[in-house]
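The block underneath contains the structure these notes are about, expressed in structure tokens.
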Protein chains: 2
Amino acid sequence: MDTTDLPANILDPNCPSRVVFQRIGDKWASLVIQVLGDGPVRFSELRKMVNVVTPKVLTQTLRALERDGLITRTVYAQVPPRVEYELTSLGESLLQPLTVLRHWAESHVPTILEARDAYDEAQDEALLGSPN
Amino acid sequence: MDTTDLPANILDPNCPSRVVFQRIGDKWASLVIQVLGDGPVRFSELRKMVNVVTPKVLTQTLRALERDGLITRTVYAQVPPRVEYELTSLGESLLQPLTVLRHWAESHVPTILEARDAYDEAQDEALLGSPN
DNA sequence: GGTGTCAATATCCTTTTGGTAACTAGGTAC
DNA sequence: GTACCTAGTTACCAAAAGGATATTGACACC
């Protein structure tokens, strides 16, 4: 059975649209995509921009994104080697939804952090109130 | 140092806006939020709608969302117990960014799956070409 | 007093994720 | 020939996430 003409539904556990949410949730993938939004970046630069990610994990992330057709990997025949990663048009099309989410995140984070503090305090008090 | 007036930046590893991406990436959290978009739902209903999630994991997810102020938990003094989960206004405000992402996901998944197949095949051939 | 309902918890176990540290390849510079 | 460059790979390890299964509490029904 092929999925191309199904009304994709995220709530259906068999629907592969869930993979997208997994990509976004990946610790580094969405960050990489956003960094690549300004144009091609090479491996070592990416490492610096995304900040202290180990080469192994960055490679894993990049391979996964490449596999999904979101980025391309270009090797230049130079010494020392130079490899550049760039968004595909598919990758670029993800940029906007990601930006929407990012803006939401950046503007609501204070509220979320306050909610956490309040919640944690309430929990503490509940524990003090009934220690057994 | 307080974060409320900082220009939140997802690329800064110290910026808490990253927590949002982690929430979204959570295997069940974003699904729960989207299910709750239609109004309050009780625990057992949620379990069915999100499909085969174990109670432990659903509880974990719900507690995390509650802690972040995205949903509320209401216990009705009944027997058997009835507990309803509902989006807060903060949770509702996340609905739209999530929908944007969801539409992207549902419409581009076929392309992604094709890219994967192509990538995997290319890998296989590369292995066959140079088996050592 | 046994059974059922709902919303969990508790215990245990497996899988996945992320990370450290060391090493490789191919060449250039000294 | 030793050191250094980039872009990785390899082996190993710890923590976290996710899940299976059994049990609990409060009551209602029979």
Side-chain angles (χ1 to χ4, degrees), chain A residues 13-14 18-32 35-36 40-68 71-86 119 123 126-127 130 132, chain B residues 13-14 18-19 21-32 35-36 40-68 71-86 119 123 126-127 130-132:
Chain A
N14 298 321
R18 288 201 178 184
V19 303
V20 176
F21 282 82
Q22 285 163 25
R23 257 300 134 274
I24 306 309
D26 183 281
K27 193 167 177 186
W28 303 107
S30 57
L31 264 48
V32 166
V35 168
L36 293 184
V41 181
R42 50 195 298 195
F43 191 84
S44 51
E45 272 305 299
L46 215 39
R47 257 196 93 183
K48 285 175 210 153
M49 294 177 77
V50 148
N51 213 41
V52 285
V53 57
T54 61
K56 191 195 89 171
V57 174
L58 183 56
T59 300
Q60 280 175 357
T61 304
L62 292 168
R63 290 287 185 283
L65 290 173
E66 192 192 358
R67 187 167 103 103
D68 285 354
I71 64 172
T72 55
R73 176 173 178 271
T74 312
V75 183
Y76 295 90
Q78 299 180 357
V79 171
R82 176 163 150 242
V83 180
E84 281 192 351
Y85 295 90
E86 192 174 7
Y119 184 91
Q123 288 300 98
L127 283 177
S130 60
N132 0 349
Chain B
N14 298 319
R18 288 201 177 182
V19 302
F21 282 82
Q22 286 164 23
R23 249 318 123 268
I24 306 310
D26 184 279
K27 192 167 178 186
W28 303 107
S30 56
L31 265 48
V32 166
V35 168
L36 294 185
V41 180
R42 49 194 301 194
F43 191 84
S44 50
E45 272 306 298
L46 215 39
R47 257 197 92 182
K48 284 175 209 151
M49 294 176 77
V50 150
N51 214 41
V52 283
V53 57
T54 60
K56 190 193 88 171
V57 174
L58 184 55
T59 301
Q60 281 175 357
T61 305
L62 292 167
R63 290 287 184 283
L65 290 172
E66 194 192 356
R67 186 168 104 104
D68 285 354
I71 64 172
T72 56
R73 177 173 177 271
T74 312
V75 183
Y76 294 90
Q78 299 179 359
V79 170
R82 175 161 151 246
V83 179
E84 281 192 351
Y85 294 91
E86 191 173 8
Y119 185 93
Q123 289 300 97
L127 283 177
S130 60
N132 357 350

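Computed from heavy atoms alone, side chains included, the values below leave out hydrogens, waters and symmetry copies. Just so we're on the same page: letters track the sequence lines, and every chain starts at 1.
Applying a 4.0 Å cut-off to non-hydrogen atoms, the residues of residues 73-83 of chain B that approach DNA chain D are B/V79, B/P81, listed by residue number.
Considering only residues two or more places apart in sequence or on other chains, B/E86 meets the salt bridge (charged side-chain N to carboxylate O under 4.0 Å, His left out) condition with none of them. Checked against side chain to side chain donor-acceptor pair (under 3.5 Å), A/R73 has the following partners two or more places apart in sequence or in another chain: A/Y85. For A/R47, there are no salt bridge (charged side-chain N to carboxylate O under 4.0 Å, His left out) partners at least two apart in sequence or on another chain. Shown here are the side chain to side chain donor-acceptor pair (under 3.5 Å) partners of A/R42, two or more places apart in sequence or in another chain: there are none. Qualifying salt bridge (charged side-chain N to carboxylate O under 4.0 Å, His left out) partners for B/E66, counting only residues two or more places apart in sequence or in other chains: none.
Contact between the side-chain N/O atoms of A/S44 and the OP1/OP2 oxygens of D/dA7 is found at a separation under 4.0 Å. A sub-4.0 Å separation between OP1 or OP2 of D/dG8 and a side-chain N or O of A/R63 is present.
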Quick one: side chains of residues 53-64 of chain A, donor-acceptor pairs under 3.5 Å with protein atoms, not counting sequence neighbours, listed by atom name and distance.
from, atom 1, to, atom 2, distance (Å)
A/T59, OG1, A/P55, O, 2.8
A/T61, OG1, A/V57, O, 2.8

Atom pairs and distances, donor-acceptor, side-chain atoms in residues 22-29 of chain A, under 3.5 Å, two or more places apart:
from, atom 1, to, atom 2, distance (Å)
A/R23, NE, A/D68, OD2, 2.7
A/R23, NH2, A/D68, OD2, 3.4
A/D26, OD1, A/W28, N, 2.9
A/D26, OD1, A/A29, N, 3.0

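Note that the first and last nucleotides of DNA chain C, 5' to 3', having any atom under 4.0 angstrom from a heavy atom of chain B are C/dT5 to C/dT11.
In this entry the distance linking CZ of B/F43 with P of D/dG25 reads 18 Å, nearest Å. Computed from coordinates, the A/R42 CZ to D/dG8 P distance equals 10 Å when rounded to whole Å.
Atom CD of A/E84 and atom CD1 of A/I71 lie 12.0 Å apart (nearest 0.5 Å). Atom OH of A/Y119 sits about 8.0 Å away from atom CZ of B/R67, to the nearest 0.5 Å. Distance check, rounded to the nearest 0.5 Å: CD of B/E45 to CG of B/L36 gives 11.5 Å.
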Please list each protein N or O that sits under 3.5 Å from an N or O in nucleotides 12-21 of chain D, with the distance.
from, atom 1, to, atom 2, distance (Å)
D/dG19, OP1, B/K27, NZ, 2.8
D/dG19, OP2, B/W28, NE1, 3.2
D/dG19, N7, B/K56, NZ, 2.9
D/dG19, O6, B/K56, NZ, 2.2

